[in-house]
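Inspection log for the structure reproduced underneath, given as structure tokens.
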There are 2 protein chains.
Amino acid sequence: MSGEDRVSIGLSAAIVAVEGEQPSVLVVSHEGSADALPFGPFDPAQQRTLESGLRKWVGEQTKFDLGYTEQLYTFGDKGRHTPAGGDKAHQAGARVVSVGYLALTRQVQEAPETQWRGWYHYLPWEDWRDAKPAMIDGVILPALKKFVKNAPNAETADLRRERINLCFGESWDEERVLERYELLYEAGLVEEFYRDSGQKTGKSPTLGTAMLYDHRRILATAIARLRGKLKYRPVVFELMAPTFTLLELQRAVEALAGLRLHKQNFRRLVAEQGLVEGTGKFSAPARGRPAELFRFRREVLKERQAPGVRLGARRAKPG
Amino acid sequence: MSGEDRVSIGLSAAIVAVEGEQPSVLVVSHEGSADALPFGPFDPAQQRTLESGLRKWVGEQTKFDLGYTEQLYTFGDKGRHTPAGGDKAHQAGARVVSVGYLALTRQVQEAPETQWRGWYHYLPWEDWRDAKPAMIDGVILPALKKFVKNAPNAETADLRRERINLCFGESWDEERVLERYELLYEAGLVEEFYRDSGQKTGKSPTLGTAMLYDHRRILATAIARLRGKLKYRPVVFELMAPTFTLLELQRAVEALAGLRLHKQNFRRLVAEQGLVEGTGKFSAPARGRPAELFRFRREVLKERQAPGVRLGARRAKPG
DNA sequence: CCGAATAATACTCATTTCGAGTATATATGT
DNA sequence: ACATATATACTCGAAATGAGTATTATTCGG
């Protein structure tokens, strides 16, 4: 391998927390530049593993101690690491391969230059908790129809139709977050598409808030992975306070999944699975009957095969 | 980013096929050196994406046209990319970050220098189709008991006990392939451990056939991913001939999962899910009633949410 | 041609899980 | 006391699951 084969490795992390009903991601925002995930170069001389490099970098940049982390995906696409403005760290010519990570935390203090932002700012079509987002029928589907019409030939038109149906068709699969973002990117419904290709923004509006580099793609990957993992591993608890009511737990799951769940069945599920145990203490709500405070039963990590909070029944409205 | 931050990217692929009852992986074997997955450097100047780099490299090295591919994981651990013998391509000091891929194929022709080998040669404890592999009780668990005993303190001993229970305890989770390999690595039950650390091989024997670099780890990751994906995406069909009997399909799933399944329920499952359709033609078996030949219903990729071949009931013996 | 062996396919049945409720209990504010 | 809000318990039919038994279509050895 010669020196010309060498590239820089960039590490980016989608650091996720849930505050009440809002799933949030930690972003670094400088004036004039798009929001970014905390990111930095991997220093092969200093670090033994990619993950230790990430922890060090994030620690320095955000004063954050990462708990649960998981590698997401390694992106190496040429052209999708274009900064919006000039950026001395990543100049033209230096090829950057970016390794995305997901991290979960319950700490919520902010560091300088960073802030928590609800992740649905970036991917607003993903939040179905109250209702199907109006932009899907209002903006996305009409624009995607044009995208089919503009296909160079009948075959690609067919492929596009299929993808549209899978992503935004009758049945909503909450896990296809990345596929949806990529489809909107290719269809030019997202600012990054114009930035990366050097084209002018088209007639149709771009959706959601853009991010630096391919960070929105990494965020989409993170959400997709988290939504999937939720169902077969008890990862939500990484995001909860040590004790919580069952409704708080449900709201957290709903926030992440972007869906409403059936309350009675949800509690049956977590109880049957032995995921939680009562503390005997109770919450003091402003209104209504106090709820018992539960804690995560850490033992399940050792006991069961693959316990998770299955989503089960979905409701249009909170119940 | 300065030049010192740069690293080489190595791409490795676990290319998988199933022949009859044997799940196989394509390996490159030179005399004197351990088996390796097809691998090569990523050339950032020539390739637009990591995956296109992989396809090009694999094409050149094995004359193989990859069909379904999926990125697995990016490993960057210092010390785990040590070649067995001298290897001019990866000299000491050059840090290599290796991106592993899974590819599925039904072509079975071999290229020069490559051959198909059953993947259970490398991970023999993963095949539970006939019975629980004798080496688990005979070799692995006793050696792991020593591993607990040798723990530096009570806390790590506890952690090790838990991991052992999760990996090799009463209930077998066929997806924990990587966790098991990593545990055996750390416990010194696998040749790569001694190679990477420069220690002499211990008293207890090492298990399975070793591979070059971290390729056995990538293979373990590939199997784990494939076993998981099997259940919720119709990926088996990438490995099947255009038409097949239901038993052939079942045998392929069993080969991948390393488990036996209940025949009648398996066919009910694939039928109900609409994964296959009969062709009206029949197989001509040496013995027994001829079975109808089925084909994969490609339409399901567009229709259903997440169809896959769920494993369902498990049998000790083929039924 | 008969019957054993082998495999495919059909059908049954109890149990569990799921989805969607209704019913009841315990708070607060007026 | 009562309206409202929330928690929690319980019910019930539908569907999925696990483990069979029963029947059918072949080949092979006499």
Side-chain angles (χ1 to χ4, degrees), chain A residues 20-21 171-172 231-232 243-251 253-254 257 259-294 304-319, chain B residues 20-21 171-172 231-232 243-251 253-254 257 259-294 304-319:
Chain A
E21 309 233 345
S171 74
W172 181 255
K231 293 165 194 158
Y232 61 94
T243 69
F244 45 83
T245 69
L246 293 181
L247 187 60
E248 284 165 358
L249 181 65
Q250 184 184 338
R251 292 289 180 248
V253 173
E254 289 173 341
L259 293 171
R260 287 288 168 205
L261 305 177
H262 182 285
K263 188 174 178 175
Q264 296 91 324
N265 290 349
F266 179 84
R267 64 167 34 237
R268 173 176 66 185
L269 216 69
V270 293
E272 274 174 1
Q273 296 239 106
L275 290 170
V276 297
E277 62 190 357
T279 62
K281 296 183 181 171
F282 288 80
S283 69
R287 297 181 303 279
R289 174 174 166 178
E292 187 167 7
L293 291 168
F294 289 80
R304 307 194 108 264
Q305 286 270 81
V309 181
R310 301 217 257 345
L311 298 190
R314 290 147 190 201
R315 293 181 63 97
K317 287 282 161 192
Chain B
E21 308 234 348
S171 75
W172 181 256
K231 293 165 193 157
Y232 60 94
T243 69
F244 46 81
T245 69
L246 292 181
L247 188 59
E248 283 165 359
L249 181 65
Q250 184 183 338
R251 291 289 180 248
V253 173
E254 288 173 342
L259 293 171
R260 287 287 168 206
L261 305 177
H262 184 285
K263 188 174 176 175
Q264 296 92 324
N265 290 349
F266 179 83
R267 65 171 31 240
R268 173 175 67 186
L269 216 70
V270 292
E272 274 175 1
Q273 295 239 106
L275 290 172
V276 295
E277 62 191 357
T279 62
K281 296 182 182 172
F282 288 80
S283 70
R287 296 182 305 280
R289 174 173 168 178
E292 185 167 8
L293 292 168
F294 289 79
R304 307 194 109 264
Q305 286 270 79
V309 181
R310 300 218 257 347
L311 298 190
R314 288 146 191 202
R315 293 181 63 97
K317 286 282 160 191

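The sequence lines fix the lettering, A, B, ..., with proteins before strands; numbering per chain opens at 1.
For the pair E254(A) (side chain) and L261(A) (backbone), a donor-acceptor distance under 3.5 Å is present. E292(A) places no side-chain N or O within 3.5 Å of a backbone atom of F282(A) that could act as its donor or acceptor partner.
Taking atom CG of residue L269(B) and atom P of nucleotide dA19(D), one finds them 14 Å apart after rounding to whole Å. Remark: P of dA15(D) and CG of N265(A) are 16 Å apart, rounded to the nearest angstrom. Atom CD in Q250(A) sits about 13 Å away from atom P in dT6(D), given to the nearest Å. Atom-to-atom, CZ of R251(A) to P of dA7(D) comes out at 8 Å; the value is rounded to the nearest Å. The interatomic distance linking E292(A) (CD) with dT26(C) (C1') rounds to 14 Å, in whole Å. Rounded to a whole Å, the CZ atom of R268(A) is 9 Å from the C1' atom of dA20(C). The nearest whole Å value for the distance from the CZ atom in F244(B) to the P atom in dA7(C) is 20 Å. Between the P atom of dG18(D) and the CD atom of E272(B) lies a distance of 12 Å, rounded to the nearest Å.
OP1 or OP2 of dT24(D) has not a single side-chain nitrogen or oxygen of R289(B) nearer than 4.0 Å. Between dT6(D) and R287(A), a contact under 4.0 Å exists linking OP1 or OP2 to a side-chain N or O. A sub-4.0 Å separation between OP1 or OP2 of dT8(D) and a side-chain N or O of K263(A) is absent.
Nearest to the side-chain atoms of L247(B) among the listed nucleotides dA7(C), dT9(C), dT8(D) stands dA7(C).
A pairwise comparison of heavy atoms in Q250(A) and H262(A) identifies NE2-C, 4.3 Å as the closest pair.
A284(A) comes within contact range of no nucleotide atom at all, as no heavy-atom separation falls under 4.0 Å.
A salt bridge between E248(A) and R251(A) is absent, with no side-chain N of the basic residue lying under 4.0 Å from a carboxylate O of the acidic one.
The base of dT22(C) sits within donor-acceptor range of the side chain of Q264(A), with an N or O pair under 3.5 Å.
Nucleotides of DNA chain C nearest to P290(A) and R267(B) differ in position, and the one nearer the 5' end is that of R267(B).
Residue F294(A) is tested with L246(A), T279(A), V270(A), L275(A) for a side-chain contact (heavy atoms from CB on, under 4.5 Å); the sole match is L246(A).
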